[in-house]
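Let me begin by presenting the structure, written as structure tokens, before commenting on it.
Chain letters run A, B, ... following the sequence lines, proteins first, then strands; residues in each count from 1.
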Amino acid sequence: MDKKDHSSPLNFIQQIITADIEAGKNQGQIITRFPPEPNGFLHIGHAKSICINFGLANQYGGKTYLRFDDTNPSKESKEYTDSIIDSVKWLGFGWENRLRHASDYFDQLYEFAVQLIKRNKAYVCSLKPEEIKAQRGTLKEPGVNSPYRDRSVTENLELFEEMKLGKHENGAHVLRVKIDMASPNINMRDPVIYRILKVSHHRTGDKWGIYPLYDFTHCLSDAIEGITHSLCSLEFADHRPLYDWVLDNTDSPCHPQQIEFSRLALHYTVTSKRKLNELVDTGLVNGWDDPRMPTLMGMRRRGYTPSAIREFCDRIGVTKKENYIEMSALETCVREDLDQKSPRVMAVLQPLKVIIENFPDKDEEMDAPFHPYNDIFGSRKLPFTKELYIEQDDFMEDPPKKFFRLKPGGEVRLRYGYIIKCEAVIRDPQTGEIVTLKCSYDPETRSGTGTSIKKVKGTIHWVSASHAIDAEVRLYDRLFTVANPTGNKEGKDFKEFLNPESMKILKNCKLEKSLIEAKSEEPFQFERQGYFCVDRNDSKPDHLIFNRTVTLRDSWAKIEKANRQQKK
RNA sequence: UGGGCCGUGGCCAAGCGGUAAGGCAACGGGUUUUGAUCCCGUCAUUCCCAGGUUCGAUCCCUGGCGGCCCAGCCA
């Protein structure tokens with residue numbers, strides 16, 4: 001994958017790894033893992049973690065495991081596992097034969113638990129969940145020991161065995177580790193490591209009625225795989241002492257080093273599986289892969305590219321500081337990538353009929369390259385005809401200053417075509433709506449002939465009315481109306497800030513005919529408008545649907561906005 | 001004095017005791033048959049604050065202040 005430029009500074013994890021390699025730690029090996037729980041789709045925040053874990057291994061000649069942390073069957077499913085696999089692959093990373101599940105280790109994990117019991121470091125606690133909670137103490141007060149803390153090793157062994165055999169009901173007992181109920185770190189107050197959960201697991205079926213918890217599973221899974229650097233987000237820093245304790249008190253094969261970094265937060269969206277799940281469940285978006293979602297599958301459908309996302313992850317850096325990244329950082333990466341990769345085509349989203357009255361009835365063909373600076377894209381012929389469509393926004397009856405497009409009596413260049421002049425505006429007598437523009441063209445101004453002395457300030461896109469194909473186009477905007485939908489002081493629910501205009505569907509769009517062959521995953525630039533792609537789910541050959549990935553940078557919009565504010 | 005983590009421009013982020021990289025954004029200008037792209041320029045006398053150590057501190061020490069995380073049989 002993209003190796004870091006040697007001149008770019010190392011982030012703090014790279015510094016640790018570099019030092020470890022120099023010190024000969026782990027025989028100079030680097031083994032990382034990406035450990036998602038299969039309880040939702042991966043989002044842009046996960047992309048950061050994926051890029052860090054796989055990226056670091058790539059960079060230092062190491063290896064990365066994709067490991068599903070599937071210890072809570074009540075929330076997890078194969079559907080999610082599959083989507084995660086797709087997402088990581090799509091992002092551009094591979095794991096060869098290193099796909100694992102924590103559930104692969106259930107037998108070994110059970111043995112490690114038995115080992116802790118035998119060492120008198122774990123006990124079966126028969127308190128009710130509320131009692132455990134009550135006895136855990138608070139942030140400021142220590143907890144109290146469980147009355148079951150001193151059960152004999154034999155009794156613990158028997159009970160744990162019975163739990164495994166399904167002889168007890170959900171919640172009747174748990175296995176706890178014996179550390180310190182007075183620890184200032186609540187995670188160390190005899191945390192639960194196994195609970196009874198009579199739920200069938202999407203991989204192990206009904207084999208188990210007890211499932212290990214994260215703190216016990218994760219460190220040992222890391223150790224079993226020989227992970228050297230176990231990278232996770234900041235909220236797990238408090239769990240590190242427990243991570244180390246479990247490894248220190250079992251015969252674990254090795255002792256990986258846990259390092260925490262801050263997770264990614266993005267303006268105008270949410271990066272929490274719980275909240276995204278809520279949006280999906282309540283039908284506020286159309287599924288996990290809705291193009292407005294910050295999920296990798298949503299971004300893919302929207303037209304974001306893996307390389308743009310990787311570049312973004314690279315630019316935002318890796319630190320322990322809370323960060324809140326502006327959308328523009330991501331969108332710039334998408335635009336930079338798409339600018340190079342996209343053929344330019346013409347598409348009129350909100351058509352306005354233009355009739356060129358002095359144009360002959362015979363069609364002409366205009367040469368139009370597909371890319372402004374890369375010849376490899378080639379070119380196509382565009383039919384130029386008497387009747388065509390232009391964008392409604394490209395005509396104004398009473399335009400403000402610096403409006404370089406069409407206006408009554410004004411001239412504009414039709415891209416790759418002729419310069420036309422607006423002679424008359426035809427309205428619907430009923431509604432007063434402008435329906436047609438009567439124009440004339442200047443035959444001396446044919447594109448590419450170089451004969452034209454005439455210079456005109458504006459160039460607009462167009463499509464021949466008789467040759468255009470119809471399509472639906474979906475315009476997407478930010479999902480929320482505020483930068484931080486979860487951080488408002490009034491304590492409002494984040495869903496109250498959903499942007500009602502996050503999706504705008506245009507049904508009557510007119511596209512140049514070359515687009516008939518567009519395939520999903522192929523980016524296009526609709527000139528002067530933005531980057532678009534075929535919707536991979538909904539588009540059909542007889543009903544084309546395009547998604548707007550991102551607009552072009554629009555300095556006219558800024559001028560307009562400034563004008564509007566000046567008027568106020 | 002519960003514990004942990006963190007404070008460098010609007011948003012990220014280098015910096016590791018020798019006098020504030022880079023990216024995004026913003027703002028000016030140039031090229032342009034996409035108001036795109038591209039190019040050029042501007043943008044922290046100062047690093048949360050206050051003391052201290054030092055010839056010298058964003059970096060070290062002390063004390064404040066501010067933010068985030070933790071009381072699931074979730075991960």
Within this structure, what is the CD-to-P distance between A/E326 and B/G10, rounded to whole angstrom? 11 Å
To the nearest angstrom, how far is A/M327 atom CE from B/A26 atom P? 15 Å
In whole Å, measure the gap between the P atoms of B/U8 and B/C60 for me. 15 Å
Specify the glycosidic conformation (syn or anti) of B/G72, with syn defined as within 90° of 0. syn
Just call it for A/E141: base, sugar-phosphate, or nothing, with non-hydrogen atoms closer than 4.0 Å on any strand. nothing
Would you measure the distance from the P atom in B/A57 across to the matching atom in B/C47 and give it in whole Å? 12 Å
Take atom C1' in B/C43 and the same atom in B/G35, then report the distance between them in whole Å. 24 Å
What integer number of Å spans the P atoms of B/C59 and B/G17? 12 Å
Using Watson-Crick pairs (N1 to N3, plus N6-O4 or O6-N4) and G-U wobble pairs, both distances under 3.5 Å, which stems of at least 3 pairs involve RNA chain B? B:2-7 with B:65-70, B:10-12 with B:22-24, B:26-30 with B:38-42, B:48-52 with B:60-64
Quick check: A/Y214 with A/H218 (ring centres under 6.0 Å apart)? yes
Please give, in whole Å, the distance from B/C16 C1' to A/L10 CG? 13 Å
What interatomic distance, in whole Å, is found between P of B/U46 and the corresponding atom of B/G10? 14 Å
Take the protein atom CG of A/N323 and the nucleotide atom P of B/U8, then report the distance between them rounded to whole Å. 11 Å
In 5'-to-3' order, the base (B), backbone-only (S) or no-contact (-) status of each nucleotide in nucleotides 66-75 of chain B, using a 4.0 angstrom heavy-atom cut-off, is --SBBBSBSB
What interatomic distance, in whole Å, is found between P of B/G22 and the corresponding atom of B/G41? 11 Å
What integer distance in Å separates A/K140:NZ from B/G4:P? 15 Å
Tell me if the aromatic rings of A/F384 and A/W462 count as close, with their centers under 6.0 Å from one another. yes
Side chain to side chain donor-acceptor pair (under 3.5 Å): which pairs involve residues 261-271 of chain A, sequence neighbours left out? A/E235-A/R263, A/S262-A/N323
Can you tell whether the side chains of A/E512 and A/R380 come within less than 4.0 Å, N to carboxylate O? yes
Whether each nucleotide of nucleotides 33-39 of chain B has a protein heavy atom under 4.0 Å at its base (B), only at its sugar-phosphate (S) or at neither (-) is summarised, 5' to 3', as BBBSS--
Protein-nucleotide distance (A/E331, atom CD; B/C12, atom P), rounded to Å: 17 Å
Is A/K421 paired with A/D442 through a side-chain N to carboxylate O contact shorter than 4.0 Å? no
What residues, two or more places apart in sequence or in another chain, satisfy side chain to side chain donor-acceptor pair (under 3.5 Å) together with A/E336? A/R315
Is A/S262 touching bases, backbone alone, or none of the nucleic acid, heavy atoms closer than 4.0 Å? nothing
Between A/F526 and A/F546, is the ring centroid distance below 6.0 Å? yes
Determine the Euclidean distance between corresponding P atoms of B/C12 and B/A25; express it in Å to zero decimal places. 15 Å
Round to the nearest Å and state the distance from A/L330 atom CG to B/C11 atom C1'. 13 Å
Does A/R528 come within less than 4.0 Å of A/E391, counting only side-chain N to carboxylate O? no
Counting only side-chain heavy atoms from C-beta out, which of B/C11, B/A14, B/G4 sits nearest to A/A237? B/G4
State yes or no: are the ring centers of A/H43 and A/F41 separated by less than 6.0 Å? no
Give a yes/no answer on whether the side chain of A/T332 brings an N or O atom under 4.0 Å of OP1 or OP2 in B/A25. yes
Take the protein atom CD1 of A/I259 and the nucleotide atom C1' of B/G4, then report the distance between them rounded to whole Å. 17 Å
Quick one: do A/R203 and A/D104 make a salt bridge, cutoff under 4.0 Å? yes
Electrostatic pair A/D314:A/R310 at N-O distance under 4.0 angstrom: no
With rounding to whole Å, what would you report as the distance between B/G66 and B/G28 at their P atoms? 39 Å
If you draw the axis of the six-membered ring of A/F395, does the NZ or CZ of A/K407 fall within 45° of it and under 6.0 Å from the ring centre? no
Looking at residues at least two apart in the chain, or sitting in another chain, which of them share a side chain to side chain donor-acceptor pair (under 3.5 Å) with A/N277? none
